[in-house]
Amino acid sequence: MKNVGFFNFQMKDLQSNKYFFKIIAFSNIIFIILYSILSYYNRIAVDDFYFLAFLKEHGILGGAIVTYNTWSGRWVSSLLNAFVISFYPFKYFLFVYGLLVFALFIYSVKRCIHNLKKIFRWDNINFWKELHIAIFIVSAFFYSTIKIDETWFWLCSTCVFLLSMILFFLGTSALIAIKGGVFNTLLIMISFTLIGGSSEPFALTVLLLLLLFGLANFFDMINFNLPQTFLNKRFYIAFICCLTSFVFLYSAEGNRVRESFFAEISIWYSFFLNIKTTGMIIVLRLPLIIPFVILFSIPAYYLGYLNSTENINKKIIKLRIAFIMILYFASIYIYQLPITYITQDIGAYRTLFPITFFSLLAGFGIFYNLGLGGLGKSSRVHSIVLFSLIAVCCLNTYSLISQLIILPKYAEAYDKRIVYLNKNKANINPIIIEPLPESGLLYSAEISTDSSYFTNQHLKKGLGLKSVVIVSRINK
């Protein structure tokens, strides 16, 4: 099996730069500890209390059916959210859930790397390097998320947006697997079915990607070093599963109810309005993550440098980078389009999580091609990469220390609040509670000074309080 395209580097110098992986390994250990601590101190918040009450009233399956018919067609997310929150009586259920999601994300990325290694003959990457690269990539996703708290640690949000991304990596790993068999076929069917029933804009984006890559493979425009009919069958299965699930999601009566809260615009007008909303994302959202994207993409510069030769055409490199930039902004536009059509606004922070994926892909591609152009001396390249890896290490260390200071106070105050409210369930007088401390990278469960505000109403309903509950003041 021959090497392919951009990626025929063999990491030949990595054997002489083992300290790169030692730094990455050390950084990964700190990141694992950080994520574990965040998961340990995580608590349900805001809408989670509403779903807790909903579970008590309708059960897991019944609640998903009612939601499907009255509010949202996201049947996969509804079922998973109800299932997870059914473990609420178990004190550490969010800790266990967080670790399972984290492990699944790492496994999915590692599986992609492992199968890419077989296709592109990256022979120098052993099991442990695969694992550390996977953890490093997951940490890149983590820090490059526009809003970490509501994307990674808000239960009802993780069941929609974080899960979809994990399933995409898991399904992709099966799509590109060299081995056939029932397991990979089942993995494709399950992954893409669940994607289609979780997040509407991401499901549409995945369907478009499957269609484009499927057609490109059918017309022999790309070469995965796998039998064409073999891949065509897999793309067909993935596309049909995702499409069928999405059609079921979109057909939900609950979607019509939800859409009634927004103005109705024509599809053609949404194309023009989407230019504005995409521009808002570029101006208001991307600056929040670009520094982290750059930081985590710098190692790709080194990989490109290893594969550079003197006869590489610099104009072609520039054209590749320009193409990557065009593709990047086009991806943001396409992903945002259905959101603009329905809401006439940019997506919520958590909804924009796939933009993290687009950004990291673009960052990797740009830095890889810069390295491929052979810019810089070997010693300078090593220094730049070493600096970036040490910076990531420092970022993880700072995050760990700062969260260790913040989170115990937040969790303790939260637990005391819940105990107090449970003791006063039968109280018919307004319950006034003290505000929660800062929640750090976790999604805050703070409520409002207004008893009619939705956060207060959800808390009241979730805990079964007879009286209204308000916070005495809002911490600034």
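Below, all heavy atoms of this structure are taken into account, side chains as well, without hydrogens, waters or symmetry copies.
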Does [X] have any side chain to side chain contact (heavy atoms under 4.5 Å, CB included) partners at least two apart in sequence or in another chain, and if so, which?
X      : result
Leu212 : Leu208
Glu438 : Ile406
Ile326 : none
Val138 : Phe31, Phe102, Phe105, Ile106, Val109, Trp152

Would you say [X]'s side chain and [Y]'s backbone share a donor-acceptor pair under 3.5 angstrom?
X      : Y      : result
Asn369 : Gly304 : no
Ser251 : Phe248 : no
Thr145 : Phe142 : yes
Asn255 : Leu249 : yes
Arg234 : Ala177 : yes
Ser297 : Ile294 : no
Asn69  : Gly254 : no

Rounded distance (nearest 0.5 Å) linking atom [atom1] of [X] with atom [atom2] of [Y]:
X      : Y      : atom1 : atom2 : value
Arg74  : Leu80  : CZ    : CG    : 13.5 Å
Leu175 : Leu210 : CG    : CG    : 6.5 Å
Ile32  : Asn396 : CD1   : CG    : 10.0 Å
Leu34  : Leu407 : CG    : CG    : 8.5 Å
Thr455 : Gln457 : OG1   : CD    : 9.0 Å
Ile24  : Ile135 : CD1   : CD1   : 10.5 Å

Tabulate below the donor-acceptor pairs under 3.5 Å that side-chain atoms of residues 44-66 make, not counting sequence neighbours, or state none.
{"from": "Asp48", "atom 1": "OD1", "to": "Cys156", "atom 2": "N", "distance (Å)": "3.2"}
{"from": "Asp48", "atom 1": "OD2", "to": "Ala45", "atom 2": "N", "distance (Å)": "3.1"}
{"from": "Lys56", "atom 1": "NZ", "to": "Gly462", "atom 2": "O", "distance (Å)": "3.1"}

* To do: Enumerate the residue pairs fulfilling side chain to side chain donor-acceptor pair (under 3.5 Å) with a member in residues 333-347, sequence neighbours excluded, ordered by first and then second residue.
  =>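 Those involving residues 333-347 are Asn274-Thr340, Thr277-Thr340, Gln336-Thr340.
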
* For residues 349-360, pull every pair meeting side chain to side chain donor-acceptor pair (under 3.5 Å), keeping only residues two or more places apart or in separate chains. =>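 Counting only pairs at least two positions apart or across chains, the side chain to side chain donor-acceptor pair (under 3.5 Å) contacts touching residues 349-360 are Glu150-Arg350, Tyr328-Ser359.
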
* **Polar contact flag, side-chain donor to acceptor under 3.5 angstrom, Tyr35-Ser139** =>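 No, Ser139 and Tyr35 have no side-chain donor paired with an acceptor closer than 3.5 Å.
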
* Is the closest side-chain donor-acceptor distance between Asn456 and Ser451 under 3.5 Å? ->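 Not at all, the side chains of Asn456 and Ser451 share no donor-acceptor pair under 3.5 Å.
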
* Derivation and outcome, side chain to side chain contact (heavy atoms under 4.5 Å, CB included), residues Ser270 and Leu337 -> CA-CA 7 Å; Ser270 67; Leu337 183 59; 4.1 Å; yes

* Sole residue of Leu79, Ile166, Leu167 in side-chain contact (heavy atoms from CB on, under 4.5 Å) with Leu194 ->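 Of the listed residues Leu79, Ile166, Leu167, the side-chain contact (heavy atoms from CB on, under 4.5 Å) partner of Leu194 is Leu167.
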
* Name the one of Leu352, Thr205, Leu327, Val293 that satisfies side-chain contact (heavy atoms from CB on, under 4.5 Å) with Phe358? ->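 Considering Leu352, Thr205, Leu327, Val293, a side-chain contact (heavy atoms from CB on, under 4.5 Å) with Phe358 is found only for Thr205.
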
* For Phe153 and Thr158, run side chain to side chain contact (heavy atoms under 4.5 Å, CB included): C-alpha distance rounded to whole Å, both residues' side-chain angles, the deciding distance at 0.1 Å, then the answer. => CA-CA 7 Å; Phe153 298 106; Thr158 63; 5.9 Å; no

Which pair of heavy atoms, one from [X] and one from [Y], lies closest together, and at what distance?
X      : Y      : answer
Ser199 : Val160 : CB-CG1, 3.9 Å
Ile188 : Gly171 : CG1-O, 4.2 Å
Leu389 : Pro299 : CD2-CG, 4.0 Å
Cys159 : Leu163 : O-CD2, 3.5 Å
Ala203 : Gly196 : CB-CA, 3.9 Å
Ala445 : Tyr410 : N-OH, 3.1 Å

* List the steps and the verdict of side chain to side chain donor-acceptor pair (under 3.5 Å) for Asn42 and Tyr443. => CA-CA 8 Å; Asn42 194 19; Tyr443 192 68; over 6 Å; no

* **Summary of salt bridge (Lys or Arg N to Asp or Glu O under 4.0 Å) pairs that have at least one residue in residues 266-281, sequence neighbours excluded** =>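 Every pair satisfying salt bridge (Lys or Arg N to Asp or Glu O under 4.0 Å) with a residue in residues 266-281: there are none.
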
Hey, are [X] and [Y] close enough for a salt bridge, meaning a charged N less than 4.0 Å from a carboxylate O?
X      : Y      : answer
Arg256 : Glu253 : no
Glu130 : Arg111 : no
Arg417 : Glu446 : yes

* **Phe262, CZ: over 12 other non-hydrogen atoms inside 6.0 angstrom** =>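 Count over threshold, so yes.
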
* Are Tyr269 and Ser266 close enough, and set up right, to give a side chain to side chain contact (heavy atoms under 4.5 Å, CB included), and what steps lead you there? -> CA-CA 5 Å; Tyr269 178 65; Ser266 69; 3.3 Å; yes

* **Check: Ile289 and Tyr143 side chains under 4.5 Å, non-hydrogen atoms** =>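 Sidechains of Ile289 and Tyr143: no contact.
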
* Looking at side-chain heavy atoms only, is the closest gap between Pro338 and Glu200 below 4.5 Å? ->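 Not in contact.
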
Less than 3.5 Å apart, which donor and acceptor atoms pair up between the side chains of residues 236-245 and the rest of the protein, not counting sequence neighbours?
{"from": "Thr244", "atom 1": "OG1", "to": "Ile240", "atom 2": "O", "distance (Å)": "2.7"}
{"from": "Ser245", "atom 1": "OG", "to": "Trp75", "atom 2": "NE1", "distance (Å)": "3.4"}
{"from": "Ser245", "atom 1": "OG", "to": "Thr193", "atom 2": "O", "distance (Å)": "2.6"}
{"from": "Ser245", "atom 1": "OG", "to": "Gly197", "atom 2": "N", "distance (Å)": "3.0"}

* side chain to side chain contact (heavy atoms under 4.5 Å, CB included) evaluation trace for Ile470 with Tyr453 -> CA-CA 9 Å; Ile470 58 174; Tyr453 195 59; over 6 Å; no

* With sequence neighbours left out, write down each residue that passes salt bridge (charged side-chain N to carboxylate O under 4.0 Å, His left out) with Arg43, or none if nothing qualifies. =>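 With sequence neighbours excluded, Arg43 shows a salt bridge (charged side-chain N to carboxylate O under 4.0 Å, His left out) to Asp415, given in chain and number order.
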
* Ring-ring centroid check Phe95 Tyr40, cutoff 6.0 Å ->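 Judged by ring-centre distance (under 6.0 Å), Phe95 and Tyr40 do meet the cut-off.
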
* **Phe367/Tyr302 aromatic ring centres below 6.0 Å** =>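 No, they do not, as the ring centres are separated by 6.0 Å or more.
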
* Asked: What pairs with Phe454 under ring pair (Phe, Tyr, Trp, His ring centres under 6.0 Å), at least two apart in sequence or on another chain?
  ->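 For Phe454 the ring pair (Phe, Tyr, Trp, His ring centres under 6.0 Å) partners, ignoring immediate neighbours, are His458.
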
* Pairing residues for Phe357 by the ring pair (Phe, Tyr, Trp, His ring centres under 6.0 Å) criterion, not counting sequence neighbours ->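 Testing Phe357 for ring pair (Phe, Tyr, Trp, His ring centres under 6.0 Å), a comparison that skips the adjacent residues, returns Phe168, Phe169.
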
